[in-house]
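The block underneath contains the structure these notes are about, expressed in C-alpha cells.
Just so it is clear: chains get the letters A, B, ... in the order the sequence lines come, proteins before strands, and each one is counted from 1.
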There are 2 protein chains.
Amino acid sequence: MNIGEAAAASGVSRKMIRYYEETGLLATAPRSDAGYRLYNESGVQQLLFIKRARDLGFSLERIKTLLDLWQNTDRHSADVKALAQQYMAELDQDIMHLQSMRQQLAGLVDQCHGDDEPACSILDGLAQANSPLASPT
Amino acid sequence: MNIGEAAAASGVSRKMIRYYEETGLLATAPRSDAGYRLYNESGVQQLLFIKRARDLGFSLERIKTLLDLWQNTDRHSADVKALAQQYMAELDQDIMHLQSMRQQLAGLVDQCHGDDEPACSILDGLAQANSPLASPT
DNA sequence: ATAAACCTTACCATCAGGTGAAGGTCAAGT
DNA sequence: ACTTGACCTTCACCTGATGGTAAGGTTTAT
C-alpha cells in the first residue's frame with residue numbers, strides 16, 4: 001500500500017503521514033525499490049489511532065505517549081487515565097477561558113446601539129481601563 | 001518615552017510593540033537621535049486598546065479594523081457591533097467544539113479502571129472506529 | 001572609565017499543518 | 001515504444017502571535 005492509499009484509508013493526509021514519520025511519531029516506513037513508503041493494515045490502524053486522538057484534541061506529544069502505551073502490553077491503565085485527565089483539566093481551563101471572554105464581550109455588545117452613530121460601547125470598553133464586567137470586583 | 005517604558009505602561013512586551021509596528025498595526029514610531037523608538041501618552045493608549053482587545057481574543061487582523069474604526073469619527077457603531085458579533089459567533093463555535101471533545105473524552109475516561117491492569121477503555125476507544133458516545137446517533 | 005541597563009536589527013523556534021516547486025515513477029492508453 | 005496523468009519523492013516556505021537569542025550600539029550612573 002502506497003502513502004496515498006494509506007492516507008485515504010486513514011483520513012490522515014500524505015503530508016501529515018510524512019511529517020509524523022519525520023518527527024518520530026511513526027517508525028520509518030519500509031520503502032519500495034523506487035523509494036515509495038509502504039504501509040500495511042497495521043500502519044493504517046496506527047494512523048487511525050492518531051487521527052482519532054487528534055480529533056479529540058490531543059497534542060502530538062501526548063499522542064506519542066499514548067501510542068507507546070497502546071503498544072506496551074505491560075502498561076497500567078492508570079497511566080493512560082492520568083494522561084487523559086490531565087488533558088481534560090486543560091480542556092476545562094480552555095473552555096472557561098473562552099467562556100469568560102465571551103461573557104465580557106457579550107456585555108459590551110449588548111450595550112452597543114449598532115446604528116449609524118459613531119458612539120460605541122465596544123470601542124469605549126476597549127479604550128477605557130475598566131471593562132464594565134470587570135470593574136465591580 | 002522609550003519602548004521599555006511604553007511596554008511597562010501598557011503591558012505589551014517590547015517584542016510585540018516592534019512586531020505591531022512592523023506588521024502595520026501601529027504607525028511607525030518617531031525615533032530619537034540614536035534610533036530609539038519614542039512613545040507618548042497617545043501611543044500608550046493605543047497599546048492598551050490593543051492589549052485589551054487581545055485579552056478578549058480578537059485577532060490582530062480584527063484589531064486592525066477595530067483601531068481604524070476607533071480612530072474614524074465617521075464610523076457607524078453597527079460596523080463595530082457586526083465585527084464583535086461575528087467574533088462572538090466564532091467563539092461560540094470554538095466553545096462548542098471544546099465541549100464536544102471534552103464530553104467524548106469524559107465518556108472514555110469514565111470507563112477506564114485506572115488501575116495496574118493494561119486493559120483501558122481510552123486506548124480501546126482510540127483504537128476502535130466508533131467512540132462510545134458517537135455511535136448511537 | 002566602566003558596568004549595567006537599555007536599545008537596535010536579525011534570525012530561530014513554537015504547533016499542526018497547508019502549499020508549491022522540481023523532479024522521479026508507475027500504469028494505462030495509443 | 002511512447003505519452004499522459006496520477007502518483008510519489010524531497011525541500012523549503014507560509015500561517016499567528018509570541019518567546020528567545022545573539023551581536024552590537026547607547027545611555028546612565030557610579
More 5' along DNA chain C: A:Arg54 or B:Gly35, using each one's nearest nucleotide?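 Final value for this comparison: B:Gly35.
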Starting at the 5' end of DNA chain C and moving along, which residue's nearest nucleotide shows up first, B:Lys15 or B:Ile3?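 The answer here is B:Ile3.
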[X] [atom1] - [N] [atom2] separation (whole Å):
X       : N      : atom1 : atom2 : value
B:Tyr19 : C:dT14 : OH    : C1'   : 13 Å
A:Leu56 : C:dA16 : CG    : C1'   : 16 Å
A:Ile17 : C:dA16 : CD1   : P     : 17 Å
B:Arg14 : C:dT9  : CZ    : P     : 14 Å
A:Glu5  : D:dA6  : CD    : P     : 16 Å
A:Glu22 : C:dG18 : CD    : P     : 15 Å
A:Lys51 : C:dA16 : NZ    : P     : 14 Å
B:Asp33 : D:dT26 : CG    : C1'   : 11 Å

In terms of heavy-atom contacts, does CD of B:Glu61 have more than 12 from other residues, nucleotides or ligands at under 6.0 Å?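 Counting other residues, nucleotides and ligands, CD of B:Glu61 stays at 12 neighbours or fewer.
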For B:Arg14, look at atom CZ and say whether over 12 heavy atoms of other residues, nucleotides or ligands are found less than 6.0 Å away.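 No, the 6.0 Å shell around CZ holds no more than 12 heavy atoms from other groups.
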Mind checking A:Ser59 for me? I need base, sugar-phosphate or nothing, with any heavy atom below 4.0 Å counting as a touch.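 Counting heavy atoms under 4.0 Å across all strands, the contact made by A:Ser59 is with sugar-phosphate only.
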Are [X] and [N] close enough that a side-chain N or O sits under 4.0 Å from OP1 or OP2?
X       : N      : value
A:Arg37 : D:dC7  : no
A:Ser13 : C:dG18 : yes
B:Tyr20 : D:dT18 : yes

Taking the inter-plane angle between the rings of A:Phe49 and A:Trp70 on a 0 to 90° scale, is it parallel (under 30°), tilted (30 to 60°) or perpendicular (over 60°)?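 A:Phe49 vs A:Trp70 ring planes: parallel.
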Nearest-neighbour nucleotide for the [X] side chain, [options] considered:
X       : options                : value
B:Arg31 : D:dT27, C:dT9, C:dC7   : C:dT9
A:Tyr36 : C:dA16, D:dC8, C:dT8   : D:dC8
A:Arg18 : D:dT10, D:dT18, C:dA16 : D:dT10
B:Met16 : D:dC8, D:dT18, D:dT10  : D:dT18

Can a donor-acceptor pair be found between the side chains of A:Gln104 and A:Ser100 at a distance below 3.5 Å?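 A:Ser100 and A:Gln104 do have a side-chain donor-acceptor pair below 3.5 Å.
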Toward the 5' end of DNA chain D, which comes first, A:Leu38 or B:Phe58, by nearest nucleotide?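 Here A:Leu38 is the residue nearer the 5' end.
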Given side chains that start at C-beta, do those of B:Leu60 and B:Thr23 come closer than 4.5 Å, heavy atoms only?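 They are not in contact (no side-chain heavy atoms under 4.5 Å apart), so the answer is no.
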